[in-house]
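Just so you know, these numbers use all the heavy atoms, side chains as well, and skip hydrogens, waters and symmetry mates.
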Amino acid sequence: PAVVDDSYALRFNPAGLGFAEGSELRLLYTRDGLDPGPGEPGSSNGFGLYSSTQVFPGFALGGSLDVQVDGNEQTQFGAALGAGWSAGPLAFGLSWIHDDAQGQDAKNRVDTGLTLRGRYLGAALAIQDVAQTAGRRRWDRGLAIHPWERLTLAARWRLEQDLGLNADNLDLLGLVSAEPLDGVVLGVGVGHDPVREVSAIAQLELTFGRVGMGAAVNGLGDN
């Protein structure tokens with residue numbers, strides 16, 4: 001949440017839109033799970049379209065559409081709209097999220113975020129589902145350190161409303177990313193959440209002028 005400043009900010013921290021420049025369009029494909037065994041549900045596949053545009057310096061709008069097909073071939077849809085404002089190092093954002101909920105009634109929520117960004121240090125607070133219309137409110141605290149221009153150390157600590165602090169509810173994420181060459185970004189990280197427990201992360205991004213591509217994998221062992 002402390003480093004995102006593109007159209008993905010809609011779902012992670014809408015304040016990041018306040019730092020977005022120009023316009024962008026992102027196409028996303030996700031696959032969750034490896035090939036299943038006999039009698040097990042198949043892997044789920046997701047497709048997303050994300051966009052953002054800077055209306056004027058310090059103010060940007062964003063929107064997204066998502067389609068997820070799970071292992072039982074049930075289709076779920078998602079959409080998001082948001083805006084971000086920035087004044088110097090401080091940014092504020094607001095987004096509306098619509099998601100189908102496992103074949104149940106569709107859920108709507110409002111997220112908000114605040115980011116403070118300096119040359120060497122950044123901090124953020126993103127609140128998901130402020131009104132708790134889709135579930136428990138979630139608080140994402142983010143921290144980013146930039147010891148060098150091409151190196152970023154980032155972390156996220158997530159808390160859920162009314163849940164105590166213990167090992168079962170621990171939700172942490174850490175990422176180290178570097179740009180050894182212009183347009184080439186490498187990243188590795190580790191996370192812990194109540195579902196997958198410990199997981200590893202690897203990422204690669206390549207940018208060629210106005211066109212770029214990237215890939216990331218998140219898992220551990222057979223997951």
Side-chain angles (χ1 to χ4, degrees), residues 1-17 19-21 24 26-35 43-48 50 52 64 66 68 91 111 113 115-126 128 138-160 165-223:
V3 296
V4 63
D5 55 7
D6 50 40
S7 54
Y8 288 149
L10 281 165
R11 288 186 173 269
F12 294 102
N13 179 8
L17 287 171
F19 297 115
E21 297 181 354
E24 72 164 18
R26 288 177 178 254
L27 303 177
L28 174 69
Y29 169 71
T30 62
R31 180 179 175 89
D32 189 3
L34 301 177
D35 292 333
S43 302
S44 63
N45 295 276
F47 305 89
Y50 287 72
S52 64
S64 69
D66 290 277
Q68 186 82 19
D111 297 353
T115 299
L116 179 63
R117 181 174 295 184
R119 181 177 180 182
Y120 299 106
L121 183 68
L125 174 64
Q128 298 182 8
R138 297 195 301 187
W139 307 72
D140 281 0
R141 292 100 180 269
L143 183 68
I145 302 174
H146 307 278
W148 297 284
E149 183 179 358
R150 293 177 178 264
L151 179 66
T152 299
L153 313 176
R156 187 218 68 207
W157 177 23
R158 173 172 292 169
L159 297 174
E160 289 198 25
L165 291 177
N166 55 63
D168 293 335
N169 299 324
L170 190 62
D171 197 336
L172 298 171
L173 178 65
L175 182 69
V176 178
S177 60
E179 188 177 3
L181 301 172
D182 289 343
V184 179
V185 177
L186 303 172
V188 293
V190 63
H192 182 284
D193 64 58
V195 177
R196 290 169 297 189
E197 295 187 347
V198 178
S199 60
I201 303 160
Q203 70 171 132
L204 169 65
E205 295 180 14
L206 303 174
T207 303
F208 309 94
R210 296 181 180 272
V211 178
M213 64 186 69
V217 61
N218 181 1
L220 193 67
D222 293 333
N223 298 315

Closest contact, heavy atoms only, [X] versus [Y]:
X	Y	result
Asp6	Leu17	O-CD2, 3.7 Å
Ala9	Val4	N-CG2, 3.6 Å
Val188	Leu175	O-CD1, 3.3 Å
Pro1	Asp140	CG-CB, 4.4 Å
Val3	Ala144	CG1-CB, 3.4 Å
Ala15	Ala91	O-CB, 3.5 Å

Looking at residues at least two apart in the chain, or sitting in another chain, which of them share a salt bridge (Lys or Arg N to Asp or Glu O under 4.0 Å) with [X]?
X	result
Arg11	Asp66, Asp99
Arg150	Asp182
Glu179	none

Other residues, nucleotides, ligands: >12 heavy atoms within 6.0 Å of Tyr120 OH: no
Greater than 12 external heavy atoms within 6.0 Å of Phe12's CZ: no
Charged N-O contact under 4.0 Å between Arg138 and Asp171: no
Student check: side-chain heavy atoms of Leu125 and Asn13 closer than 4.5 Å: no
Evaluation steps, side-chain contact (heavy atoms from CB on, under 4.5 Å), between Ile145 and Leu151: CA-CA 8 Å; Ile145 302 174; Leu151 179 66; over 6 Å; no
Ser177 side chain to Gln203 side chain, donor-acceptor N/O pair below 3.5 angstrom: no
Rounded distance (nearest 0.5 Å) linking atom [atom1] of [X] with atom [atom2] of [Y]:
X	Y	atom1	atom2	answer
Glu160	Trp139	CD	CH2	13.0 Å
Leu172	His192	CG	NE2	8.0 Å
Phe47	Thr30	CZ	OG1	8.0 Å
Arg117	Asp5	CZ	CG	5.0 Å
Leu204	Leu186	CG	CG	6.0 Å
Asp193	Arg158	CG	CZ	8.5 Å

Any donor-acceptor N/O pair, Glu24 side chain to Ser7 backbone, under 3.5 Å: yes
